[in-house]
Asker: 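This is the structure, below, for whatever I ask next.
For reference, positions follow the sequence shown, starting with 1.
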Amino acid sequence: MQSSPYHFTMSPRLLVVFLLALLPFSSSCRDAQEKDRISRLPGEPNDVSFSHYSGYVTVNESAGRALFYWLTESSQHPESKPLVLWLNGGPGCSSLAYGAAEEIGPFRINPDGKTLYHNPYAWNKCMANLLFLESPAGVGFSYSNTTSDLYTAGDQRTAEDAYVFLVKWFERFPQYKHREFYIAGESYAGHYVPQLSQIVHRKNNPAINFKGFIVGNAVIDDYHDFVGLFEYWWTHGLISDLTYHNLRITCEFVSSEHPSPECSKAIEAADKEQGDIDPYSIYTVTCKKEAAALRSRFLRVRHPWMWRAYDPCTERYSGMYFNSPEVQKAMHANTTGLAYPWKTCSDIVGEKWADSPLSMLPIYKELIGAGLRIWVFSGDTDSVVPVTGTRYSIRALKLQPVSKWYPWYDNGQVGGWSQVYKGLTLVTIHGAGHEVPLHRPRRGFLLFQSFLNNKPISRKLVTLYQSIFLLIMIIALLDVVMSSSEDAKEQKMRDMILSLPGQPPNLNFSQFSGYVTVNSAAGRALFYWLTEAPKPSDTKPLVLWLNGGPGCSSIAYGASEEVGPFRVNPDGKTLRLNPYAWNLDANLLFLDSPAGVGFSYTNTSSDELTVGDKRTGEDAYRFLVRWMERFPEYKERPFYIAGESYAGHYIPQLAQLIVNRNKGTKTPIINLKGILMGNPLVDDYNDNKGMREYWWNHGLISDETYFELTKWCLNDTILFPKPNCDNALNQAFSEFGDIDPYNIDRPACTKGSSSNEWRQAWRYRGNDECVTGYTRKYMNDPNVHKALHARLNRTSWTSCSRVIRKNWKDSPKSMLPILKELLQAHLRIWIFSGDSDGVLPLSGTRHSINAMKLKTSKRWYPWYHSHGLVGGWSQVYEGGLLTYATVRAAGHEVPLSQPRLAFFLFSHFLANHSLPSSSS
């Protein structure tokens with residue numbers, strides 16, 4: 001908006017008088033705002049980080065028309081962010097029901113219709129203050145005391161009332177005066193938005209700093225919308241040649257709001273031919289419960305864009321929530337006691353709509369000439385207001401192209417297409433339906449971000465691998481670890497997991513996965529999966545989980561079978577929630593390490609033949625440093641390393657690197673507080689000794705075999721036994737019979753099992769191959785790869801790499817010197833053992849701890865879990881710095897066989913509390 005041409009000066013005395021006169025008014029504004037403030041919505045999450053307000057603004061005193069609004073301020077620095085008004089269409093549909101509750105608002109409604117969860121791609125996240133308006137009167141909570149208003153609403157009055165609303169609302173919220181202001185919406189708001197924009201532009205109210213508008217799948221021009229609609233139906237195989245012909249003849253030159261009987265008949269024929277699909281998202285399954293009502297509504301309103309019909313099941317959640325008296329009270333809604341319930345769309349308003357101009361193109365031309373920013377976007381699977389009609393309408397404007405039609409990218413995938421014109425930008429969103437932010441929330445978020453930044457959507461968003469490669473090249477050139485914070489944020493957003501195939505609905509935590517390059521020259525990149533804690537996750541520590549092998553995947557075991565948020569179902573296609581997931585207490589970071597394991601890869605084939613402990617530790621450290629550049633919120637956060645089995649090497653070695661690199665640093669970026677190891681390989685001599693003792697004492701082997709093991713394996717390494725030791729081990733395994741050495745008290749899964757699978761059990765994890773098979777099937781699904789942003793450099797994903805295990809190079813015989821060093825650095829160390837593990841049994845771990853000759857602080861005692869039963873036994877050393885605990889009836893993977901006890905132990909470790917010695 002242009003500033004006023006008038007200029008005057010004011011004397012200091014007059015200025016004081018003027019300011020004093022404003023004081024009562026300012027107080028009145030504050031009072032009005034506070035009256036509208038929402039203190040808390042029923043069922044909202046506990047960690048809401050923004051202010052929101054809702055209430056009424058009267059737009060016509062004599063008729064008693066009042067419009068209802070909901071303002072959700074930006075979650076970060078709202079005072080510096082623009083204001084965006086969102087309008088839904090219909091006509092007659094609620095912006096609360098769709099824009100706020102299903103698309104861009106901060107919350108989504110759970111199926112119970114009572115509780116809310118965070119929308120990870122809400123447009124008020126760091127970008128804008130969102131103002132949702134139910135318009136016109138008669139829609140949603142908005143009302144009129146003049147009944148006839150509901151039967152005579154049309155475009156003109158809707159725009160005029162919306163403008164009156166804005167003027168009065170800015171008086172109630174004067175802090176938004178002169179702030180950058182935009183109008184956004186979709187569907188029939190393709191009329192509302194430009195018409196209101198025209199009024200705002202013409203009125204030139206200096207308080208309203210109007211910059212432009214953005215509309216999605218918008219009704220723009222009846223003729224072109226009709227031509228594009230019928231063409232879309234036919235080219236997508238939805239209708240017959242005959243129906244297409246009849247539609248072209250009877251409908252192209254009539255009003256969409258008032259079609260002729262012949263046109264209505266042709267549309268009914270088209271609807272019948274389309275069958276039971278969702279016209280708002282043609283590749284999305286409809287909700288069967290409401291399918292009949294959906295088709296009835298589609299026909300009753302004469303033209304499909306008048307009603308949003310995507311997944312009526314979702315609509316029911318809104319109806320339940322907003323009709324709750326508690327919700328209405330919290331939102332200061334329905335204060336006059338409406339005679340009808342809140343509905344997503346008003347039948348009366350929609351069916352009785354009065355004036356509806358045939359075209360918005362003249363308004364577009366006027367506003368383009370005024371230099372306003374105008375963006376139009378289309379989800380390309382919407383058959384209600386399809387992209388073809390929008391393209392025809394824009395073509396009719398005869399604008400000068402600034403760029404050619406080009407594909408834009410999201411995370412290395414085509415996100416849609418775009419073309420920039422002089423005065424207007426068109427963007428399509430690939431795979432999205434009528435409600436783009438509902439079907440493709442991330443892409444909708446990127447679109448909105450580009451619009452606010454007034455930058456064309458990226459021709460090619462740098463892919464995950466390319467961005468890391470560029471980042472590492474910069475690091476190599478400068479010889480320091482550095483990155484652009486904006487690039488890191490963008491990379492983090494690309495790593496966000498939107499949804500995993502078969503995952504349960506309504507997750508209350510965020511998850512990310514992707515790659516971090518740890519050696520650019522060799523092309524080594526490690527794959528991670530971060531599952532954050534439920535909000536507020538920023539108060540929880542970060543825990544890195546490592547599995548061993550060496551050569552086994554932390555995604556396969558730690559994440560999918562033990563401590564992660566999901567378990568893979570037997571069908572290998574769907575997931576279920578793990579009720580004892582460790583991310584309930586911490587943010588969990590799973591790492592496939594070293595390169596060549598799981599989804600981690602190297603472009604240098606010899607890497608898999610030369611890897612060992614040293615390189616694994618160094619690459620893991622480099623990963624952490626670079627990962628924290630991408631996730632800077634975890635810098636200086638309490639950090640722990642956890643894992644099991646051969647990670648008894650990985651964990652102390654990585655911890656040692658961190659401690660040494662942190663020396664002399666007051667506030668280290670990697671704020672390592674402690675390590676937690678389960679059934680770990682710690683010391684070859686003591687582990688060998690304890691193993692044969694365990695086997696013999698549990699009746700698994702003969703006296704002769706025990707003596708052979710004692711004779712030949714006394715000083716052998718665990719990973720590389722000499723031939724005589726190897727023969728003794730083979731004899732022991734033959735005596736085991738068909739048991740699971742990883743959990744000797746549980747029956748083994750015989751489906752597809754082979755003795756070679758766990759021959760030398762510590763080499764390959766073999767606990768319940770049935771479970772491993774579920775994970776293997778799931779992780780080999782290309783859809784899972786896509787959702788995880790993972791790539792596969794081999795024919796199939798495997799839980800363990802035989803190549804890496806067979807060719808493992810350096811493996812020190814003992815970690816005890818490193819553990820002593822870490823204790824001297826006052827690092828918290830907890831070690832636990834499942835007492836049914838015959839692979840790395842508790843007897844070997846106890847021998848190793850005894851070999852360190854530590855001072856006992858609390859003698860061996862039974863510990864009790866929350867049910868008052870013995871959970872295992874424990875002993876505390878060195879004033880609480882080191883704790884050893886056994887877990888009763890647990891195998892090699894303690895969180896798999898005893899998830900409740902493992903979670904109990906983990907919680908006490910994080911709290912630095914000894915396990916309870918009393919059942920009370």
Asker: Could you tell me which non-hydrogen atom of Val563 sits nearest to which non-hydrogen atom of Leu588, and how far apart they are?
Answerer: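 Looking at all heavy atoms of both residues, the closest pair is O-CD1, 3.4 Å.
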
Asker: Would a distance-only check, ignoring hydrogens and angles, find a side-chain to backbone donor-acceptor pair under 3.5 Å from Asn129 to Lys81?
Answerer: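 Flag set: sc Asn129 to bb Lys81 pair under 3.5 Å.
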
Asker: Can you tell me which residue pairs pass the side chain to side chain donor-acceptor pair (under 3.5 Å) test with a partner in residues 111-123, sequence neighbours excluded?
Answerer: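 Sorted result for residues 111-123: Asp47-His118, Asn110-Thr115, Asp112-Thr115.
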
Asker: Under a 4.0 Å N-O cut-off, is there an ion pair linking Arg172 with Asp36?
Answerer: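 Yes, Arg172 and Asp36 are salt-bridged.
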
Asker: I'd like to check His908 versus Thr883 (side-chain heavy atoms, cut-off strictly below 4.5 Å). Are they in contact?
Answerer: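 Side chain of His908 against side chain of Thr883, heavy atoms only: no contact under 4.5 Å found.
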
Asker: Count the heavy atoms of every other residue, nucleotide or ligand shown that sit under 6.0 Å from NZ of Lys125, and state whether that count exceeds 12.
Answerer: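 It does: Lys125 NZ has more than 12 such atoms within range.
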
Asker: Looking at Leu905 and Trp830, what are the two nearest heavy atoms and their distance?
Answerer: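 Result for this residue pair: O-CZ3, 3.8 Å.
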
Asker: Are any of the side-chain heavy atoms of Leu577 and Leu507 separated by less than 4.5 Å?
Answerer: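 Yes - at least one pair of side-chain heavy atoms lies under 4.5 Å apart.
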
Asker: Please enumerate all residues that pass salt bridge (Lys or Arg N to Asp or Glu O under 4.0 Å) together with Glu79, with sequence neighbours excluded.
Answerer: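 Checked Glu79 against salt bridge (Lys or Arg N to Asp or Glu O under 4.0 Å); zero matches.
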
Asker: Answer yes or no: is there a donor N or O on one side and an acceptor on the other, between the side chain of Ser917 and the main chain of Trp863, under 3.5 Å?
Answerer: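 No; zero donor-acceptor contacts below 3.5 Å.
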
Asker: Any chance the side chains of Glu73 and Asn124 put a donor and an acceptor closer than 3.5 Å?
Answerer: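 On atom types as modelled, these side chains do not qualify, holding no pair under 3.5 Å.
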
Asker: Check Glu326 with Lys329, please: is the shortest side-chain N to carboxylate O separation under 4.0 Å?
Answerer: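 Salt bridge absent between Lys329 and Glu326.
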
Asker: So, using salt bridge (Lys or Arg N to Asp or Glu O under 4.0 Å) as the criterion, who are the partners of Glu44 when residues are at least two apart?
Answerer: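 Listed in chain order: Arg40.
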
Asker: Salt bridge check: are Arg622 and Asp619 linked by an N-O gap of less than 4.0 Å?
Answerer: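 Here Arg622 pairs with Asp619 in a salt bridge, since their nearest N and O are under 4.0 Å apart.
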
Asker: Side chains of Arg630 and Phe512, heavy atoms from C-beta outward: is any pair under 4.5 Å?
Answerer: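 No; the side chains remain at least 4.5 Å from each other.
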
Asker: Students often mix this up, so state it plainly: with edges at 30° and 60°, are the rings of Tyr515 and Phe527 parallel, tilted or perpendicular?
Answerer: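 Perpendicular: the ring planes of Tyr515 and Phe527 meet at over 60°.
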
